[in-house]
Number of protein chains: 2
Amino acid sequence: MALEHAILVSLQEKPGSGYELARRFERSIGYFWTASHQHIYRVLKRMESDGWVDVRDVPQYGRPDKKEYSVAEPGRDALSAWLHEPTEPESVRHDLAVKIRGAAYGNPAALISEVERHRQTHTDRLAHYLAGEARDFGEHPAADGPLDAERELQHVVLRGGVAYERMMIAWLDDVLATLAGFNTGH
Amino acid sequence: MALEHAILVSLQEKPGSGYELARRFERSIGYFWTASHQHIYRVLKRMESDGWVDVRDVPQYGRPDKKEYSVAEPGRDALSAWLHEPTEPESVRHDLAVKIRGAAYGNPAALISEVERHRQTHTDRLAHYLAGEARDFGEHPAADGPLDAERELQHVVLRGGVAYERMMIAWLDDVLATLAGFNTGH
DNA sequence: AGTCACATGTAAAGGGTTACATGATTAG
DNA sequence: CTAATCATGTAACCCTTTACATGTGACT
């Protein structure tokens with residue numbers, strides 16, 4: 001897949017500017033598809049020239065004007081076509097796993113701080129996800145949130161993020177225990 | 001990171017040809033870093049001209065001759081430098097999660113077969129990993145296998161793969177239950 | 001005057017996939 | 001003769017990152 005489908009999904013949920021999309025890719029949708037603002041602007045240009053999105057100039061007071069993008073008919077079609085076409089599971093890219101195997105010929109203990117750093121990132125993310133879950137899907141959901149299908153689908157994706165972070169933390173603990181074994185000469 | 005470090009790790013474990021590397025990337029190291037043969041040959045060329053690897057022509061009988069690559073001193077240095085330099089956790093790319101959120105405006109039930117297909121892939125991979133674990137890290141390990149640190153590090157990486165597949169299967173069951181909820185109108 | 005949030009881009013390089021291409025040898 | 005495994009590559013294209021670049025308006 002490419003960024004364009006993630007953008008279509010986001011714009012379908014709510015139209016917005018390139019800048020706003022970039023902010024959404026730092027949270028929410030960015031939990032499972034990352035993108036920088038440069039990349040977003042570039043793809044948005046192509047999508048516009050392909051007719052997938054409509055643009056509207058929005059003058060603003062107290063801040064720079066912006067362009068608001070929304071999904072056009074051909075964009076909806078492209079999204080629908082992609083949803084119906086089978087996709088293979090993404091190819092895995094775990095640099096930390098490569099490092100761990102590579103450490104065998106160096107000093108495995110040197111990796112400990114790196115692994116701990118990653119563990120910290122994952123615990124932070126987990127806390128962030130859980131806070132978002134309590135806010136948006138708890139007993140007192142935000143009054144302006146989406147309803148029904150959209151809401152439940154967003155929730156199940158978020159639960160996937162939570163499960164992923166929990167698994168990573170548990171595995172990194174396993175890695176740390178293994179690395180500690182070399183230190184003490186076990 | 002890039003492919004070259006994964007290749008260095010693999011060649012450090014055992015020298016081999018581009019073809020052999022491509023096969024390793026279909027199993028073992030490919031469980032957490034995928035690469036096609038075209039890509040491998042291209043990167044190998046660059047690594048050779050950078051002096052990271054040595055090449056040796058190996059004439060063979062009964063099959064085409066091959067080039068055997070092994071890690072050279074500068075390659076070992078580059079690998080060591082990379083191992084000591086911090087790396088951020090890889091950016092996530094879960095197309096299925098994007099699809100699930102995108103399904104809200106189409107027909108969520110149309111995704112069921114796609115999710116089931118992914119679930120099947122993950123159960124296959126899990127079975128494959130567990131078979132490899134029993135073979136290489138069970139009570140009767142292969143006699144020619146690696147020892148000590150290398151072996152334990154390979155095992156902990158494999159356990160990560162197992163944990164990942166198990167988490168994915170559980171999450172996809174959660175997704176299927178959620179999608180089923182729309183079918184029955186709940 | 002400086003910093004921050006908002007807002008939009010371009011250019012160059014790097015990383016990776018897909019399509020195309022060739023050829024040897026073994027087994028059926 | 002055909003298919004499979006072994007073996008190596010090129011070319012074009014696409015996706016993404018990094019570096020560079022500009023400018024508004026609010027607040028301190």
Side-chain angles (χ1 to χ4, degrees), chain A residues 1-8 15-27 29-30 32-50 53 55-69 78 82 87-95 98, chain B residues 1-8 15-27 29-30 32-50 53 55-69 78 82 87-95 98:
Chain A
M1 184 184 90
L3 179 54
E4 36 208 272
H5 296 110
I7 289 179
L8 285 173
S17 67
Y19 187 85
E20 281 159 2
L21 281 169
R23 309 243 31 209
R24 289 182 210 172
F25 274 88
E26 280 169 13
R27 35 175 192 76
I29 202 129
F32 45 89
W33 200 274
T34 50
S36 62
H37 73 103
Q38 294 97 325
H39 197 188
I40 290 166
Y41 282 120
R42 168 167 304 219
V43 170
L44 232 26
K45 270 268 158 69
R46 189 176 65 225
M47 291 169 79
E48 187 192 341
S49 77
D50 288 349
V53 291
V55 203
R56 194 168 65 92
D57 277 316
V58 178
Q60 298 192 114
Y61 302 95
R63 58 176 67 174
D65 297 348
K66 66 175 181 179
K67 298 179 183 176
E68 194 185 70
Y69 292 89
W82 176 69
T87 319
E88 290 318 301
E90 292 288 302
S91 52
V92 193
R93 294 277 152 88
H94 286 331
D95 58 353
V98 178
Chain B
M1 183 183 91
L3 179 55
E4 36 207 273
H5 297 110
I7 288 179
L8 285 173
S17 68
Y19 187 85
E20 282 159 1
L21 281 170
R23 310 241 33 207
R24 289 182 209 172
F25 274 88
E26 280 169 14
R27 35 176 191 77
I29 203 131
F32 45 90
W33 200 273
T34 52
S36 62
H37 73 103
Q38 294 97 326
H39 197 188
I40 290 167
Y41 282 119
R42 168 170 305 213
V43 171
L44 232 26
K45 269 269 158 69
R46 188 175 66 225
M47 291 169 79
E48 186 192 342
S49 78
D50 288 350
V53 291
V55 203
R56 194 168 66 93
D57 276 316
V58 178
Q60 298 193 112
Y61 302 95
R63 58 177 67 175
D65 297 348
K66 65 176 183 180
K67 299 180 184 174
E68 193 185 72
Y69 292 89
W82 176 69
T87 319
E88 290 317 301
E90 291 289 301
S91 52
V92 194
R93 294 276 151 89
H94 286 332
D95 59 351
V98 179

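Per chain, numbering begins at 1; letters A, B, ... match sequence-line order.
Checked by atom type and distance alone, the side chain of A:Arg93 pairs as donor or acceptor with a backbone atom of B:Thr34 at under 3.5 Å. Distance alone, capped at 3.5 Å, places no donor-acceptor pair between the B:Asp57 side chain and the B:Lys67 backbone.
Computed from coordinates, the B:Arg23 CZ to D:dA4 P distance equals 14 Å when rounded to whole Å. For the pair A:Asp65 CG and C:dT8 P, the interatomic distance rounds to 9 Å; values are reported in whole Å. The distance between atom CD1 of B:Ile40 and atom P of D:dG9, rounded to the nearest whole Å, is 13 Å. Rounded to whole Å, atom P of C:dT8 lies 10 Å from atom CG of A:Asp57. For the pair B:His39 NE2 and C:dG16 C1', the computed distance is 5 Å after rounding to whole Å. Between A:Asp95 atom CG and D:dT17 atom P the separation is 14 Å, expressed in whole Å. Between the P atom of D:dT5 and the CD atom of B:Gln60 lies a distance of 17 Å, rounded to the nearest Å. Between the CD atom of A:Glu90 and the P atom of C:dG15 there is a distance of 19 Å, given to the nearest Å.
Distances shown here put every side-chain N or O of B:Tyr41 at or beyond 4.0 Å from the OP1 or OP2 atom of D:dG9. Listed pair A:Arg93 / C:dG16 meets the phosphate criterion, a side-chain N or O lying under 4.0 Å from OP1 or OP2.
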Which letter, B, S or -, goes with each nucleotide of nucleotides 19-28 of chain D from 5' to 3', with contact meaning a protein heavy atom under 4.0 Å?
BB--BBSS--
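Every salt bridge (Lys or Arg N to Asp or Glu O under 4.0 Å) that A:Arg56 has, sequence neighbours left out, goes to A:Glu68.
Scanning all heavy atoms of the two residues, the minimum distance from A:Lys66 to A:Glu20 falls at NZ-OE2, 2.7 Å.
Side chain of A:Lys45, nearest nucleotide from C:dG9, D:dT8, D:dT16: C:dG9. The nucleotide whose nearest atom lies closest to any side-chain atom of B:Arg42 is, among C:dG16, C:dG15, C:dA7, C:dG16. Side-chain proximity of A:Tyr19 to C:dT10, D:dT17, C:dA7: nearest is C:dA7.
Take the nearest nucleotide of DNA chain C for B:Arg46 and for B:Ser36: the residue whose nucleotide is more 5' is B:Arg46. Map B:Ser91 and B:Lys67 each onto its nearest nucleotide of DNA chain D; the residue landing nearer the 5' end is B:Lys67.
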Show the numbers, then the answer: is there a side-chain contact (heavy atoms from CB on, under 4.5 Å) between B:Glu48 and B:Tyr69?
CA-CA 9 Å; B:Glu48 186 192 342; B:Tyr69 292 89; 4.1 Å; yes
side-chain contact (heavy atoms from CB on, under 4.5 Å) between B:Trp82 and B:Leu8, intermediate numbers included:
CA-CA 11 Å; B:Trp82 176 69; B:Leu8 285 173; over 6 Å; no
Enumerate donor-acceptor pairs with a distance under 3.5 Å from any side-chain N or O in residues 35-45 of chain B to protein atoms, sequence neighbours excluded.
unit_1  : atom_1 : unit_2  : atom_2 : d
B:Ser36 : OG     : B:His39 : N      : 3.4
B:Tyr41 : OH     : B:Tyr19 : N      : 3.4

